[in-house]
Amino acid sequence: INWTATLGPHTLTARAYDNNGASTLSSGININVTSNPPPAVAITAPANGALFTAPAIVSISANASDPNGTVDSVQFFVNSVYAGSDITPPSPFTFDWTSVIGTATLTARAWDNNGASTLSAPVNINVLDPNALGYRVTTVVANCSQNLFCMPVTAVDAVDNIIGYD
């Protein structure tokens with residue numbers, strides 16, 4: 001049987017019938033259905049859009065609270081993959097992630113003392129490659145021989161936000 005419980009106290013019983021129509025009622029068990037609103041969680045560091053240079057230890061910090069109990073733990077995820085947890089309340093909950101080069105989406109999941117959980121809004125960061133060579137391709141009108149293909153390339157020292165190279 002499927003039953004959608006409502007808030008409040010209930011007594012559950014079962015009635016069994018045999019092939020002659022006789023029945024017996026079980027003794028009741030009492031339950032109390034209570035509301036368990038989930039905790040709130042938000043990543044407070046790093047800031048969305050933050051830049052790091054590899055190798056970097058990214059310190060992730062999250063504030064979490066529960067309206068009707070306590071927050072027991074916060075799990076941290078990088079690109080939706082579990083990275084680690086902090087099980088030492090109270091807030092802030094923290095985790096140090098050893099980063100890899102590229103973009104990363106950070107999230108945190110808070111768990112309360114009654115088993116409810118909430119996933120934070122994502123925070124996107126970039127981990128830059130310190131060995132990447134900055135370059136920019138420019139198109140300039142140049143006098144070229146008919147037998148050659150010409151495309152001037154200008155190498156520059158400072159190009160912002162390099163995430164990788166090819």
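Every value quoted in this text rests on a predicted model; they were computed, and no experiment measured them. Numbers here simply count residues along the sequence, with the first being 1.
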Check: Yes or no on side chain to side chain contact (heavy atoms under 4.5 Å, CB included) for Val58 and Trp97, after CA distance, side-chain angles and deciding distance?
Finding: CA-CA 5 Å; Val58 178; Trp97 172 59; 3.9 Å; yes

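Here NE2 of His10 is found 7.5 Å from CG of Asn32. Values are rounded to the nearest 0.5 Å. Within the model, atoms OG1 of Thr118 and CZ of Arg109 stand 7.5 Å from one another, a figure rounded to the nearest 0.5 Å. Taken from OG in Ser117 to CG in Asp112, the straight-line distance is 8.0 Å, to the nearest 0.5 Å. Between atom OG1 of residue Thr53 and atom CG of residue Leu128 there is a gap of 5.0 Å, rounded to the nearest 0.5 Å. Once rounded to the nearest 0.5 Å, the distance linking OG1 of Thr88 with CZ of Phe93 reads 7.0 Å. Atom CG of residue Asn114 and atom CG of residue Asn36 lie 4.5 Å apart, to the nearest 0.5 angstrom.
Using a 4.5 Å cut-off on side-chain heavy atoms (C-beta onward), Val100 and Val127 make no contact. Taking 4.5 Å as the limit, every side-chain heavy atom of Ser59 sits out of range of all side-chain heavy atoms of Ser61.
In this structure, Pro67 and Pro38 approach most closely via the heavy-atom pair CD-O, 3.7 Å. Here the closest non-hydrogen pair linking Asp66 and Val71 is N-CG2, 3.8 Å. Smallest separation of non-hydrogen atoms from Phe95 and Ser85: CD1-N, 4.2 Å. Ala42 approaches Ser120 most closely through the heavy-atom pair CA-CB, 4.3 Å. Smallest separation of non-hydrogen atoms from Ala47 and Ile125: O-CG2, 4.1 Å. When all heavy atoms are compared, the tightest approach of Val41 to Ala108 is CG1-O, 3.8 Å.
Distance alone, capped at 3.5 Å, is enough to place a donor-acceptor pair between the Asp18 side chain and the Asn20 backbone. The backbone N or O of Ser26 lies less than 3.5 Å from no partner atom in the side chain of Thr13, so there is not a single donor-acceptor pair. No donor-acceptor pair under 3.5 Å is formed between the side chain of Thr105 and the backbone N or O of Pro122. With hydrogens and angles ignored, the 3.5 Å screen pairs no side-chain donor or acceptor of Asp129 with any backbone N or O of Ile101.
Follow the hydrophobic side-chain contacts under 4.5 Å out from Leu119 and you never reach Ile60; the two are in separate clusters. Hydrophobic clustering of Ile, Leu, Val, Met, Phe, Trp and Tyr side chains at less than 4.5 Å, counting indirect connections, keeps Val74 apart from Trp111. When hydrophobic clusters are built by joining Ile, Leu, Val, Met, Phe, Trp and Tyr residues whose side-chain heavy atoms come closer than 4.5 Å, directly or via intermediates, Phe77 is not grouped with Phe52.
Thr103 and Asn126 share no side-chain donor-acceptor pair at under 3.5 Å.
Ile87 belongs to no hydrophobic cluster with other residues, because no ILVMFWY side-chain heavy atom falls under 4.5 Å from its own, directly or through intermediates. Applying the 4.5 Å side-chain rule to ILVMFWY residues, one finds Trp3, Leu7, Ile29, Ile31, Val33 in the same cluster as Leu12.
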